[in-house]
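Structure record follows, encoded as structure tokens.
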Protein chains: 2
Amino acid sequence: MSRFSKSDCLEDLRRRILSTELEPGTDLDEAGLSQHYEMSRTPLREVLQRLQGEGFVVMSENRGAKVASMDIAVLRTFFQTAPMIYANIARLACENRTGRQIDALKTAQLTFTKAAKASNAAAAALANHQFHAIIGEMAHNTYLVASLARLQIDHTRMSQTFYRPAAPSEAMLVLKAIEQHDAMIAAIEAREGALAIDLTLQHWDLSRDRMERFVRPDPLPVDVISFKDHTNAL
Amino acid sequence: MSRFSKSDCLEDLRRRILSTELEPGTDLDEAGLSQHYEMSRTPLREVLQRLQGEGFVVMSENRGAKVASMDIAVLRTFFQTAPMIYANIARLACENRTGRQIDALKTAQLTFTKAAKASNAAAAALANHQFHAIIGEMAHNTYLVASLARLQIDHTRMSQTFYRPAAPSEAMLVLKAIEQHDAMIAAIEAREGALAIDLTLQHWDLSRDRMERFVRPDPLPVDVISFKDHTNAL
DNA sequence: TGTATGCAAATTGTATACATTGGTGGAGAA
DNA sequence: TTCTCCACCAATGTATACAATTTGCATACA
């Protein structure tokens, strides 16, 4: 009957939220979604409950579900917390990674590289998400992964612009990110914890600079808004 | 119609899991629970989905929900991760706490003290849970709180035995924990981050010693099992 | 005795109908 | 004109019936 299974629906909604196809704060109408995924409201509601648990959506009684917002207060804590979590995850990944996981990481990196070089922003951001999620799995620490997963939601949403190079200098940054990923794979495979942390923090700095500019973009050119003859125009 | 609201049900299940009234690994039967809480299976299933998101239960397709287990692998990461998270939460709590939250913390401490001194193990463990959850709120960091919440689930379940003093020396440890709580309140109120971290780590050490003995109890007396005349009794 | 197979019971998953809540717009009074 | 109140509508919350899947047991066969 229904073309989508429940897990398909779950994955698809995750994807749409991460790619900001569903923007932060968007109202999620149960009836509409259940029609879109060709399933009844009952299983769809369960999917939403689950997404709430994962931090993708927030729900309030009698008022439905909304895509988790990204207000300024949250972003502050994001920049504050991310390096610590990412670094610790990297260290643990070195200790606990399995050979199979290394293979999965290399596959994810391949997917990421292709999407990034093709300037397919949404695909690149999702592949990057997947790459770091695998490192999270390697860490094998449910407690930290709970933090990581939430950080990644916001990280991936903010980095959407990263992979739409507006200038050649920005395209270079993407290439640098690819190189850093390769170095991280090597460090994790060799179980070199200190190196992995170092690379992770470098990778974070690259990403942070880009995101901070997204959050706090360059101000508009001053001379455009300073019409001396229109002081009352506000 | 139903005596329990959905949020009552959610809270009660949380409580029963934290107090190990529902032991780790217990199968949660939907029909039984919906009858117990006098609501239909639909809202009950949503409650379970939510508890899964919070890490209280695990669900698998067509096989229902189970109370999250506490196997040896998880415990290892628990002891590995907890101090870092608790310490960082304490530091952030100093920075971000509000006056209202300090009041709430003092109230929680009062409840905890009463329960602990009355040797009401389940109530004491839950009150302690509440105390540290409030410090988590103070930290005002969704990412770390996600970790904290999961740590607390296992912490509270393991500390059930802590508040059942088997010997006078153990009763003293409970009194020490109460004192540490008071000191932590003062440090957070005074926004003394370094002190708060220090106290938190001391508090952790106290708790850890007790829990490690729970996880790895003293071996049984040797002479009870060494019947020299019954070597084939196994 | 051990293993395979098929049926039956129990349990989970889904659809739909109905109840309840929150918002909105229009009518009436100040 | 503006404020208040009420009725209606749209959307969420719940109950129940039914479908699908799993599990346990019994039976047959090697």
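Here the structure is a predicted model, which means the values were calculated and not measured. Below, chains carry the letters A, B, ... as their sequence lines are ordered, and counting in each starts from 1.
Computed from coordinates, the D27(A) CG to dA11(D) C1' distance equals 11 Å when rounded to whole Å. The CZ-C1' distance, from R50(A) to dG13(C), rounds to 14 Å in whole Å. Here the P atom of nucleotide dT12(C) and the CG atom of L28(B) are 9 Å apart, to the nearest Å. Taking atom NZ of residue K66(B) and atom P of nucleotide dT22(D), one finds them 16 Å apart after rounding to whole Å. Computed from coordinates, the D29(B) CG to dT23(D) P distance equals 14 Å when rounded to whole Å. If you measure from atom CD of E46(A) to atom P of dG13(C), you get 7 Å, rounded to the nearest angstrom. To the nearest angstrom, P of dA11(D) lies 16 Å from CE of M59(A). Atom CZ in R41(B) sits about 19 Å away from atom P in dG13(D), given to the nearest Å.
The listed nucleotides are dT14(C), dT14(D), dT12(D); the one nearest the side chain of S40(A) is dT14(C). Set against dT12(C), dA15(C), dT12(D), the side chain of E30(A) has dT12(D) as its closest nucleotide.
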Report, as a single string ordered 5' to 3', how protein heavy atoms within less than 4.0 Å touch nucleotides 19-24 of chain C: B base, S sugar-phosphate only, - not at all.
--SSS-
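Side chains of Y37(B) and D12(B): a donor on one and an acceptor on the other come within 3.5 Å.
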What side-chain donor-acceptor pairs closer than 3.5 Å can you find for residues 118-128 of chain A, not counting sequence neighbours?
from, atom 1, to, atom 2, distance (Å)
N120(A), OD1, A123(A), N, 3.4
N128(A), OD1, H132(A), NE2, 3.3
N128(A), OD1, H181(A), NE2, 3.1

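Under the 6.0 Å cut-off for aromatic ring centres, H155(B) and Y143(A) do not qualify, their centroids lying 6.0 Å or more apart.
No donor-acceptor distance shorter than 3.5 angstrom exists from the side chain of T81(A) to the backbone of F78(A), with no hydrogens or angles considered. For the pair N96(B) (side chain) and H140(B) (backbone), a donor-acceptor distance under 3.5 Å is absent.
Taking the nucleotide of DNA chain C with the nearest heavy atom to each of G64(B) and T42(A), the more 5' of the two is matched to G64(B).
Residues G55(A) and R150(A) approach most closely at N-NH2, 4.0 Å, considering heavy atoms. The two atoms that bring M184(B) and I135(B) nearest to each other are CE-CD1, 4.0 Å, heavy atoms only.
Taking side-chain N and O atoms only, K6(B) has no distance below 4.0 Å to OP1 or OP2 of dG13(D). For R45(A), a side-chain nitrogen or oxygen approaches OP1 or OP2 of dG13(D) to under 4.0 Å.
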